[in-house]
Amino acid sequence: MQNDNEVLIRVEDLKVHFPIYRGVIRRQVGAVKAVDGVSFSVKKGETVGLVGESGCGKTTTGRAIIKLYEPTAGKVFFKDTELTSLNNEEMRHMRKDMQMIFQDPYASLNPRMTLRDIVGEPLLAFGLASGKEIDERVAELLKMVRLSPDFMLRYPHEFSGGQRQRIGIARSIAMNPSFVICDEPISALDVSIQAQIINLFEDLQRDLNLTYLFIAHDLSMVRHISDRVAVMYLGIIAEMADRNEIYNNPLHPYTKALLSAIPVADPVYYETRKRIVLEGDVPSPANPPSGCRFRTRCPIADAHCAEERPEFREITSGHFVACFKA
Amino acid sequence: MANELLNVQGLETRFKTPEGLIHAVNGVSFHLKEGETLGVVGESGCGKSVSMLSVLKLVPMPPGEIVAGTAEFKGKDLLKMTNEEIRQVRGGQIAMVFQDPMTSLNPVMTIGKQLEEPLMLHLGLTKAQVRSRSIELLEQVGIPRAAERLKDYPHQYSGGMRQRVMIAMALSCNPQILIADEPTTALDVTIQAQIVELVIKLREQLGMAIVWITHDLGVVASIAHRVAVMYGGFIIEEANVKDLYKSPSHPYTIGLLGSLPQIQAQTRQRLYSIDGMPPVLYKKPQACPFAPRCKWVLERCWHENPRLEPVGEGHRVACWADTKSGSER
Amino acid sequence: MTNYIIRRLLLVPVILFGVSVIIMGMLQLLGPIERSALYVKDFPKNDRQVDGIIKKYALDRPFHEQYWRWLTGVKDPVTGHREGGVLYGDFGYSRSASQPVIDIIRTRFPNTVELALWTVVPMLSIGIWLGIKAAVYQNTWVDQLARMFSIVGTSFPTFVFGLLVLILFYAKLGWFMPGKMSDWANQVVRSPQFVNYTKLLTIDSLLNGRFDIFWDALRHMILPILTLSYINWATYVRVMRSSMLETLRMDYVTTARAKGLTEGVVINQHARPNAMLPIVTMAGMSVVGLLGGVIITETVFNYPGIGKATADAAANLDVVTTIGMAIFSGFILIISNLIVDVMYAVIDPRVRLS
Amino acid sequence: MTEDKIIADQEVNRESMEAPSGDNFMLEEAHSDRKITRLERWLGPENYRILRGLVKTPASIIGFILVFIFLMVAIFAPVIIPPVGRDPYKMPRDGFSGEPKPMGAEWKRNKPEIPFWYKAVTGKDKWVHILGTAQGQYDIFYGIIWGTRTAFKTGFIVVVATVLIGVIVGSIAAYYGGLTDNIIMRFVDIFMTLPYIMMALILTSVLTPVLGKSILPPLIAMISFGWMGYARIIRSDILSIKERDFVLAAKVSGVKNSRILFKHILPNAIFPTLVLASLGIGDVVLSFAALSFLGIGTQEGYADWGQILSFARNWITSLDRYWYIVVWPGLTLVLFVMGWNLIGDAMRDVLDPRMRGKS
């Protein structure tokens, strides 16, 4: 699949700002710059991991791509279509081909609908099947996510978190999409269930030739599943590279700190590891620092970092970094 | 053993819910030595938090109920103590830090006021002493401008800062045991690293024993001396941290470790996964609770619940099967 | 917080405007001729008079003109004398009470305030206390009793309760009586020796050193106070109980217990201040409840407050008076809501410091 | 220790695990051990929990029994005491004297027919005023029995109308959001600022000259000032449901907006409102009785509980003798309202947010 270099999704300078209203007459006084200039592309058949801590804008990026949030600026190309200029009905049709899996398996299924209705809903929405056909397709989809078709007439609350996430996955692949955004799909699950779901993702990718944008905060899982990884910090991408490259040769100080903070399930590892512990907290996206976003916590920042915003540039082939020192 | 601080035997706790009785803890036994850090690992609902809350009788009763067991702290059974006696222990000799720093501090009380409560209660300090000690504590956990920040309310602190305050509060009376109930779960990775680092530093300074409850095998590896793995309300394996990660012997522990991706691996390997799901304990398990998910399962596993048996130096496992050979032990 | 208070203050005229528009809007259901009768002291005798009134108050004009005249009144071109004009304190003339509406408010409002003040204090303290006890001793007999009391209380219509206590304490036992004061006391109060400091009889009588009058006033007020209180007790017990139960489940309460604090400190210093927050919000609502309550209570006990005036006016279809009362109580409510909001901000640092 | 060594160690561990590695077996068992009934399937977990919570507590069962008894009385009113004259809601009067007649006094004029149960229960051949008469010789027993119908009628009409208005207004505000929402909700705020009873009183007194003295003016007044609460609840429920992931998921699935509203949002948002509203009947009846008690609304002699009670206002000094004018209709009203409140209290417990997600 690496040979196929066709770009499926291209995001160009995407910005999503949420206005803040304050004061006596509820004037807009500013904006939460949740996503503030993000560019990347996803090739057909690959998995791109998007990692970052809470509030870094990774979920917002995912939702803006599929237009659950209206982007403030920037462009998103899916195949040859520019998405931000589409109207609702046009976008609705695009969703046959691009799908999303949500974080919370308890909240993402309508409690009043049966599995058949939930999984079959996309088919119904596009008028592609009816009656018996839906039943057959739903049974097939349930088997694909390793759930028994006998569950078809049951309701979501009869299932555990892992099973519900499978239901959500079945729904997302119902229309045979080529692109699926996985928004922290395993972070609400127990450790022993996470591996099941990750394996399922891999199986489905192989069988259905899917392309994933895999959003998560768990770096080790992201590395495991992704071909390329983008690290987000405070609304921007700090670094993006091939999975091994970014882990073996991190260039951005934030990536380095993040990597050293990963808890590794090996006590021996800690005897030798030198940790980089970052000081302080992530600043508020409503009032981000000038220049480089990371400079307030960066161990190597200098005056220049406060003045100018570092460009997101390609250092070596396919390895992008937004840092002056790299 | 002379330096044994806490010795819990046969602890059982259950909850009444509208759906029926939940058997959260079904006979948990462990001990804790002075200055030692015990990691308690398990998935949600395995009973790890409830066991520790039970030890301090902090389980809400009702609906909770401690049915059986003893918890000897320096020779005295905590579970048999009167409310007044155990109150003296809480916060003074055994302190706790909770999972969610956002909800664990009283929103309408200043940080200073919340910090000074245990100081006045357990140490009986004067106003001036309390204040200087509070500032000292906040500085110790790395909160800048500590004197000013005493006047602030919790919502003016970030999540990581609040967890530092919680730790400061817990350590204020120099407890012998610190029970940390998933203290980093609600935090981001970089903040989690800060907190873990802080606790390791304070542990060296103060020498208290720690019980660190978590579902994250990585965090435990970085901080614990000894690890107990829980499943279905039981401890199913217990060992020195290096032994546990090097030669896990219970199928569940093996599965858990195998389901984590290897950070060093340069090529993608398929993850090992445990099938099925953790049990919901409406009935007290009479057989091995892991049997339905176990790949080594034997006939015996379906009828009899294995007890923790030693398999090596300080390494105990509750399993009928020998995972090395696949046959019965 | 200053910003917050300013915002709330700026809302006051907006709400007052809305309230007055709604009330005036209801009048549009009547025809101009019927409405013309509402504006004057004496019922118009002939068509010319009626026409004159309609012209004067623009009653046949669009709503906004009528509304404006109603707000500002009409200046007589010859004498320069202003007639009407709510903004100038002229709420019209009450036919049912044979005096200007503003005078009814002036003379009767202190009586209602006195009643309300005597009600609020025991109502709040007992309700909150009982609610906390019920929550702390959840599912014990204390809790069951408090819940039963709260359900029975909320189910008892004010007037049924009032009539029942009248049967018992007045008609049967003769301990307490309806009205405001006995005739002999009325004579004393009207005499020049008696100084009205606050217009609140219970307080004035004490200030004048007349304990007999104080006792008389109390005997008249106890039944209405009881009637007004019990239904609010019931509500407060319920709200306080559920709020306290919720608070007791919070993580910070467990933290407080884990610190080794005594149960008393945990409940009184950690749980209660948080559990009180919804009660403060409710206090604003119970002012609404009280105003509704006094209409019925004062009627049952024949107590001369604005509630009884409103009820009498409504029964006589005296719309001018009822509207005057509505505008006035709308004003009271807006002010009390404002106070409640500010109080909330003071108690909750999350609001205060944002 | 080098990295290579660590990896080697882990590979050693891996070898000891000879069991098949990580394929997903088909999951044949659902999570829940409980038997899940068809009713639960149909209602969904949340609503089922509400329903179950309702019938479980003894208090709510007493409530249901009380309401059921009143319902039976309303349905069988003509059997219990046959109507007199053309309008059954007009209480028959036994003369025009002001003084109330005591309980058990003989009924002389305008008697109803004797129903089958009468002789067996009372042992008498002729009608007596079982519960006495009010001022103006209105029979209290007749008023209470037929007043039950009035109660259900007023309660039902007002609740249906207010819920309808509330749901429409609330949904519009929630659906359009922004400025529309802001304007509508400020309007609701203003309506809510006004004391309900007082506004109902005023509107009734404005409407009475237009529509005449009947049941209509108080009904309209109560509807006009009673819908705001429902509008608020449904709006906030819709808004919270709208943000739930399953609504976003439906949107991502390409579901059309109208279907999202009617299939995903409304069914999940409306149930609490409907249940709470149906329990509002008690409050409506109470307010209606209060208006009647204050002497506005229905014409004199209309069979409603508040009106019978209002007669007592003229006999306050001799209530020790005429206690039955207060006690019987008062008790009826209290029991009726309490029936609904008992159900409502249980309902509030189950609907309480802190109870949510506990099952």
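Chain A is the first sequence line, chain B the second, and so forth, proteins listed ahead of strands; every chain is numbered from 1. What you are looking at is a predicted structure, and each value in this text was computed from that prediction instead of being measured.
- Considering CD1 of C:Ile15 and CG of C:Asn337, their distance stands at 7.5 Å, rounded to 0.5 Å.
- Taking the six-membered ring where the residue is Trp, C:Phe109 and C:Phe328 present perpendicular rings, their angle passing 60° and hence far from 30°.
- In this structure, B:Leu150 CG and B:Ile143 CD1 are separated by 9.0 Å, a value rounded to the nearest 0.5 Å.
- When heavy atoms are compared at a cutoff of 4.5 Å, B:Met102 does not approach chain C at all.
- Contact of the C:Ile327 side chain with the C:Ser20 side chain is registered, since non-hydrogen atoms from C-beta on lie closer than 4.5 Å.
- Here the side chains of C:Asn111 and C:Glu298 are not in contact, with every heavy-atom distance at 4.5 Å or above.
- The shortest side-chain heavy-atom distance between C:Val294 and C:Leu228 falls under the 4.5 Å cut-off.
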Would you list the atom pairs in which one atom of chain C and one of chain B form a donor-acceptor pair under 3.5 Å?
{"from": "C:Asp251", "atom 1": "OD2", "to": "B:Thr103", "atom 2": "OG1", "distance (Å)": "2.5"}
{"from": "C:Tyr252", "atom 1": "N", "to": "B:Thr103", "atom 2": "O", "distance (Å)": "3.1"}
{"from": "C:Thr255", "atom 1": "OG1", "to": "B:Ser104", "atom 2": "O", "distance (Å)": "2.9"}
{"from": "C:Ala258", "atom 1": "O", "to": "B:Gly91", "atom 2": "N", "distance (Å)": "2.9"}
{"from": "C:Lys259", "atom 1": "O", "to": "B:His122", "atom 2": "NE2", "distance (Å)": "2.7"}
{"from": "C:Lys259", "atom 1": "NZ", "to": "B:Gln114", "atom 2": "O", "distance (Å)": "2.8"}
{"from": "C:Lys259", "atom 1": "NZ", "to": "B:Glu117", "atom 2": "OE1", "distance (Å)": "2.8"}
{"from": "C:Gly260", "atom 1": "O", "to": "B:Arg87", "atom 2": "NH1", "distance (Å)": "2.8"}
{"from": "C:His270", "atom 1": "O", "to": "B:Asn106", "atom 2": "ND2", "distance (Å)": "3.2"}
{"from": "C:His270", "atom 1": "ND1", "to": "B:Asn106", "atom 2": "ND2", "distance (Å)": "3.1"}
{"from": "C:His270", "atom 1": "NE2", "to": "B:Glu117", "atom 2": "OE1", "distance (Å)": "2.8"}
{"from": "C:His270", "atom 1": "NE2", "to": "B:Glu117", "atom 2": "OE2", "distance (Å)": "2.8"}
{"from": "C:Asn274", "atom 1": "ND2", "to": "B:Asn106", "atom 2": "OD1", "distance (Å)": "2.7"}
{"from": "C:Arg352", "atom 1": "NH2", "to": "B:Tyr153", "atom 2": "OH", "distance (Å)": "2.9"}

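- Between C:Ser155 and C:Val152, every side-chain heavy-atom pair lies at or beyond the 4.5 Å cut-off.
- Using a 4.5 Å cut-off between heavy atoms, B:Pro60 makes no contact with chain C at all.
- In this structure, the portion of B:Leu105 lying under 4.5 Å from any heavy atom of chain C is its backbone and not its side chain.
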